[in-house]
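Just below is one structure, and these are the notes that go with it.
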Amino acid sequence: PLTTSVKAGPIQLSPEKPVQTDPETDAKEKGNAFEKYIVQKFDQNYFQLLEWQGDKIVNGIYPKSTMHPDLLVRLKGKEEATFAVECKWRQNYFKGGIEFASDEQVKRYKTFMLEKKIPVFIVVGLGGKAEAPEKVFVIPLERVSSGQIGTSELTHFLQKDLKLGFFFDKDAGKLTMTHRKSNQVK
């Protein structure tokens with residue numbers, strides 16, 4: 001029988017040749033990291049996470065729920081209400097704004113909103129890292145007409161203090177990052 005011997009040693013990576021990553025996998029990991037960041041902004045004393053989509057797909061086969069927004073959340077208590085959140089993180093502005101979805105995705109989210117009779121919010125993280133964005137915008141889906149929103153329109157949805165958690169005003173149908181979580185230090 002033939003035998004071969006290989007000398008094992010430390011593997012060294014050349015600094016000139018960065019490790020190649022699959023852009024789709026990288027984007028999915030960043031998307032997951034941003035979703036985790038957003039989920040942690042919902043104080044469990046006031047909110048219940050009902051659904052968290054997994055976006056599973058293989059060879060074009062996927063469940064219908066993959067087409068729904070990422071999160072389905074319920075406000076607890078006597079003012080109980082349910083709403084959905086689609087999470088998107090972007091490194092930079094693009095074409096004078098942020099492209100957060102295709103027009104077809106926006107159409108599907110609007111159909112979901114009408115069928116479920118619940119508000120849907122697009123929460124966009126911008127800059128920094130997916131798990132610690134520099135800016136966060138909370139955009140009501142009803143205010144969106146396409147998958148791109150310009151920088152001048154975005155200013156209306158910028159959240160001022162990213163250390164705070166989410167607050168949902170059922171009467172106004174507004175989701176904002178203005179809640180001091182019960183375990184936060186003042």
Side-chain angles (χ1 to χ4, degrees), residues 31-55 65-90 93 97-101 103 105-186:
N32 289 341
F34 183 64
E35 286 178 20
K36 290 175 185 177
Y37 169 82
I38 292 303
V39 164
Q40 293 177 73
K41 293 293 182 180
F42 287 102
D43 187 331
Q44 297 304 297
N45 293 314
Y46 301 99
F47 296 99
Q48 179 182 15
L49 183 60
L50 300 175
E51 293 180 19
W52 189 347
Q53 299 303 328
D55 295 339
S65 63
T66 295
M67 309 301 244
H68 298 167
D70 296 317
L71 309 173
L72 189 62
V73 181
R74 176 178 292 138
L75 175 66
K76 297 178 186 179
K78 64 181 181 180
E79 294 294 316
E80 189 172 288
T82 302
F83 56 91
V85 175
E86 176 63 19
C87 305
K88 296 291 182 183
W89 178 78
R90 298 292 182 258
Y93 289 107
I98 292 177
E99 187 173 2
F100 61 86
D103 291 345
Q105 284 173 308
V106 171
K107 195 183 298 182
R108 285 194 304 266
Y109 299 150
K110 288 194 176 213
T111 298
F112 176 88
M113 179 176 71
L114 294 171
E115 286 177 355
K116 300 289 186 184
K117 296 181 174 86
I118 61 171
V120 174
F121 300 93
I122 309 297
V123 179
V124 179
L126 179 68
K129 296 181 179 180
E131 59 276 9
E134 288 175 15
K135 296 180 181 178
V136 172
F137 305 90
V138 179
I139 309 160
L141 182 63
E142 63 192 20
R143 300 274 304 270
V144 168
S145 57
S146 74
Q148 170 120 11
I149 188 165
T151 52
S152 62
E153 185 67 16
L154 277 171
T155 60
H156 303 293
F157 308 113
L158 179 64
Q159 302 304 296
K160 307 290 188 244
D161 189 345
L162 301 187
K163 293 182 197 93
L164 299 178
F166 283 109
F167 174 80
F168 182 65
D169 182 335
K170 180 183 173 187
D171 296 330
K174 193 171 181 181
L175 181 66
T176 56
M177 290 178 78
T178 56
H179 173 70
R180 185 174 300 282
K181 292 174 92 173
S182 53
N183 61 352
Q184 281 181 316
V185 178
K186 291 187 179 183

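Keep in mind that this is a model prediction, so the values were computed, not measured. Just the heavy atoms: all of them, side chains too, but no hydrogens, waters or symmetry mates, feed the values below.
Counting only distance, with no hydrogens or angles, the side chain of K88 and the backbone of I98 share no donor-acceptor pair below 3.5 Å. Side-chain atoms of W89 do not come within 3.5 Å of backbone N or O of A33 as any donor-acceptor pair. E86 places a side-chain N or O within 3.5 Å of a backbone atom of D70 that can act as its donor or acceptor partner.
Taking the six-membered ring for Trp, F137 and F157 have ring centres at least 6.0 Å apart.
Heavy atoms of other residues, nucleotides or ligands lying less than 6.0 angstrom from NZ of K170 number more than 12. In this structure, K110 places its NZ atom where more than 12 heavy-atom neighbours from other residues, nucleotides or ligands lie under 6.0 Å away. For K76, the NZ atom counts as densely surrounded, since its 6.0 Å shell holds more than 12 non-hydrogen atoms of other residues, nucleotides or ligands.
To the nearest 0.5 angstrom, L126 atom CG is 5.0 Å from Y93 atom OH. Distance CG/L154 to CZ/F100: 9.0 Å, rounded to 0.5 Å. The distance from atom CD1 of I118 to atom CG of L72, rounded to the nearest 0.5 Å, is 5.0 Å.
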Full working for side-chain contact (heavy atoms from CB on, under 4.5 Å) between T178 and D161: CA-CA 7 Å; T178 56; D161 189 345; over 6 Å; no
Dump the intermediate steps for side-chain contact (heavy atoms from CB on, under 4.5 Å) on L71 and I38, then the final yes or no. CA-CA 10 Å; L71 309 173; I38 292 303; 4.0 Å; yes
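E131 and K36 are not joined by a salt bridge, as no carboxylate oxygen comes within less than 4.0 angstrom of a charged side-chain nitrogen. One finds a salt bridge joining E153 and R143 here, because a Lys/Arg side-chain nitrogen approaches an Asp/Glu carboxylate oxygen to under 4.0 Å.
Under the ring pair (Phe, Tyr, Trp, His ring centres under 6.0 Å) rule, H179 has a single partner from F166, Y46, F167, which is Y46.
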